[in-house]
A.B. asks: 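Quick one: this structure, given as structure tokens, is what I'll be asking you about.
Atoms within each ligand, like the ligands themselves, are counted from 1 in listed order.
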Amino acid sequence: MQLSKLAQHLGGSAIRAMYNEALKMEDTISFTVGEPDFITPKPIIDEACRCWEQGMTHYTPNAGVLKLRQAIAGFHKDDLNPDPESQIMVSCGATEAIQMALFTLVDPGDEVILVTPAWPNYFGQIGMAGAVMKIVPAYEENNFVPDPDDIKRAIGPKTKAIILNSPSNPTGAVIDRATCRALADILRDSDIFIIADEIYSRLVYDEEGYTSITSFDGMIEKTVYISGFSKMFAMTGWRLGYAISRPDIIRNMTKLHENGASCLPAPSQIAAVVGLQQCLPEIENMRRSYHARRDLICSLINATPGLSIRPPKGAFYAFTNAKELCRATGLNSMELCMDLLKKTGVVTVPGSGFGDIGEGYVRITYATSEANIKEGFARIQDYVRGYGL
Ligand code: PLP
């Protein structure tokens with residue numbers, strides 16, 4: 001019997017490929033998976049334990065426990081100001097919310113615009129919705145911020161949605177205010193929905209801060225806003241994300257979610273309320289650490305022959321230009337990452353895994369300790385010297 005075409009054609013991500021390869025080795029330094037090295041703040045863990053002990057072991061409403069939706073609404077009262085009962089859906093990570101948004105907004109054959117380099121799951125998710133991906137590359141010369149004119153040119157009669165991810169995984173790019181405004185002007189009167197994946201919005205490092213496309217006139221109504229607890233609260237394993245949008249969109253997303261994940265564990269949801277209401281100082285401490293690590297890693301990258309980077313403004317990824325090192329070694333970025341892993345035990349992700357425009361780059365995650373960053377770069381610099389750079 002033949003398996004479905006979807007199952008046969010869906011590729012795995014380069015991130016997991018490197019991660020799996022590294023599992024076969026010892027003494028590795030991992031700059032691979034985009035996950036905070038911090039443990040979830042203690043008050044959140046304590047609250048979850050209390051909930052389990054009290055017997056909260058049952059199903060919850062599909063859209064999420066109302067108390068959590070109210071807390072999310074409170075967290076967003078100054079920007080999106082959603083109604084907790086009709087405009088919020090709690091999901092199995094932001095990952096599931098994005099998938100449900102695509103299932104709700106697009107039909108097979110519709111086009112979805114995606115800015116690359118992009119988080120590889122978007123490729124699979126657009127494919128699972130049967131939609132056609134319309135790629136718009138963003139370039140290092142423009143700090144990996146997309147050019148609104150390129151997006152305008154990509155729009156066609158079949159375009160139904162655009163995914164905007166700011167701050168970006170893998171580039172750390174933050175879409176600046178002027179670009180957000182230009183994009184809003186292009187999209188406002190179109191029939192195109194925006195899936196605004198802003199899961200890293202609290203992790204920004206430069207003075208200009210961060211602008212959401214939803215802050216411009218008429219945009220909230222056209223947007224499915226995606227966020228979650230994984231990155232902000234160091235809660236990747238809890239699998240808690242959420243979507244905020246118009247009531248009709250949330251109602252339909254929830255219908256689909258009922259058939260997929262159904263609902264999330266009550267203790268995770270109740271504990272997340274404690275996170276939103278009591279743990280903002282912990283979030284700020286983690287952000288400060290990432291900021292210091294960003295500065296450290298950028299100075300080490302720029303001190304390494306064959307590598308360079310413009311400091312990313314957000315998230316925790318250094319999308320490093322390794323074109324000179326690729327030339328010196330004669331390797332493409334996938335081969336380079338494998339060679340580096342085999343010879344030094346340092347695990348990175350090839351830029352080509354984030355779209356063709358990523359060839360010649362390497363993604364280095366700095367959600368790891370300063371000691372690991374220093375040790376990893378000591379090994380990388382030895383490796384580079386071995387190629388005469
Ligand atoms: N969106 C982006 C851009 C990500 O990088 C990730 C995880 O790496 C997610 C969404 C998914 O996060 P979650 O753990 O909430 O599913």
A.B. asks: Side-chain donor-acceptor pair under 3.5 Å between Glu198 and Ser227, yes or no?
C.D. replies: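 Note: Glu198 and Ser227 side chains miss the donor-acceptor criterion.
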A.B. asks: Which atoms from ligand 1 have a heavy atom of Ile199 less than 4.0 Å away?
C.D. replies: 1 (N), 2 (C), 12 (O), 15 (O)
A.B. asks: Please list, in number order, the atoms of ligand 1 under 4.0 Å from a heavy atom of Lys231.
C.D. replies: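 So the answer, numbered in order with elements, is 6 (C), 7 (C), 8 (O).
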A.B. asks: Run the numbers for me: atoms of ligand 1, each under 4.0 Å from some heavy atom of Tyr122, listed by number.
C.D. replies: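 Listed by number with element: 3 (C).
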A.B. asks: Which heavy atom of the protein is the closest neighbour of atom 15 (O) of ligand 1, given with residue, atom name and distance?
C.D. replies: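 The protein heavy atom lying closest is Ala94 N, 2.7 Å.
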A.B. asks: Give, for atom CG of Leu307 and atom CG of Leu325, the distance between the pair rounded to the nearest 0.5 Å.
C.D. replies: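 One finds 5.5 Å between CG of Leu307 and CG of Leu325.
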A.B. asks: So do Phe233 and Thr40 actually touch side chain to side chain, heavy atoms under 4.5 Å?
C.D. replies: no
A.B. asks: Near Asp197, which atoms of ligand 1 are under 4.0 Å from a heavy atom of that residue?
C.D. replies: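 It comes down to these atoms of ligand 1: 1 (N), 2 (C), 3 (C), 10 (C).
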A.B. asks: For ligand 1, is there an atom lying under 4.0 Å from some heavy atom of Gly228?
C.D. replies: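 No, that is not the case, since the closest heavy atom of the residue is not under 4.0 Å from the ligand.
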A.B. asks: Can you name the atoms of ligand 1, numbered from 1 with element, that are less than 4.0 Å from a heavy atom of Gly93?
C.D. replies: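 That gives atoms 13 (P), 15 (O), 16 (O) of ligand 1.
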A.B. asks: What is the nearest protein non-hydrogen atom to atom 16 (O) of ligand 1, stated with its residue, atom name and distance?
C.D. replies: Thr95 OG1, 2.5 Å
A.B. asks: At a 4.0 Å threshold, what atoms of ligand 1 neighbour a non-hydrogen atom of Ser230?
C.D. replies: 13 (P), 14 (O), 15 (O)
A.B. asks: Tell me whether the count of non-hydrogen atoms from other residues, nucleotides or ligands lying under 6.0 Å of CG in Asp191 goes above 12.
C.D. replies: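 At most 12 heavy atoms, drawn from other residues, nucleotides or ligands, come within 6.0 Å of this atom.
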A.B. asks: Which residue in the set Phe38, Tyr317, Tyr200 passes ring-ring contact (aromatic ring centres under 6.0 Å, His included) when paired with Tyr290?
C.D. replies: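 Going through Phe38, Tyr317, Tyr200 one by one, the ring-ring contact (aromatic ring centres under 6.0 Å, His included) with Tyr290 is satisfied by Phe38 alone.
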A.B. asks: Indicate yes or no: at least one non-hydrogen side-chain atom of Tyr139 is less than 4.5 angstrom from one of Ile357.
C.D. replies: yes
A.B. asks: Looking at Asn165, which atoms of ligand 1 are within less than 4.0 Å of one of its heavy atoms?
C.D. replies: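 Going through ligand 1 atom by atom, the ones under 4.0 Å from Asn165 are 3 (C).
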A.B. asks: Taking only non-hydrogen atoms of Phe229, do any sit less than 4.0 angstrom from ligand 1?
C.D. replies: no
A.B. asks: May I ask you to list the atoms of ligand 1 that are less than 4.0 angstrom from any heavy atom of Arg239?
C.D. replies: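 In order of numbering, the contacting atoms are 13 (P), 14 (O), 16 (O).
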A.B. asks: So does Phe216 have more than 12 non-hydrogen atoms from other groups sitting under 6.0 Å from CZ?
C.D. replies: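 Yes, because the 6.0 Å sphere around CZ of Phe216 holds more than 12 heavy atoms from other groups.
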A.B. asks: Indicate, with yes or no, if Ile98 and Val112 share a hydrophobic cluster defined by side-chain heavy-atom contacts under 4.5 Å among Ile, Leu, Val, Met, Phe, Trp and Tyr.
C.D. replies: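 Yes; tracing contacts between hydrophobic side chains, which count when under 4.5 Å, links both residues.
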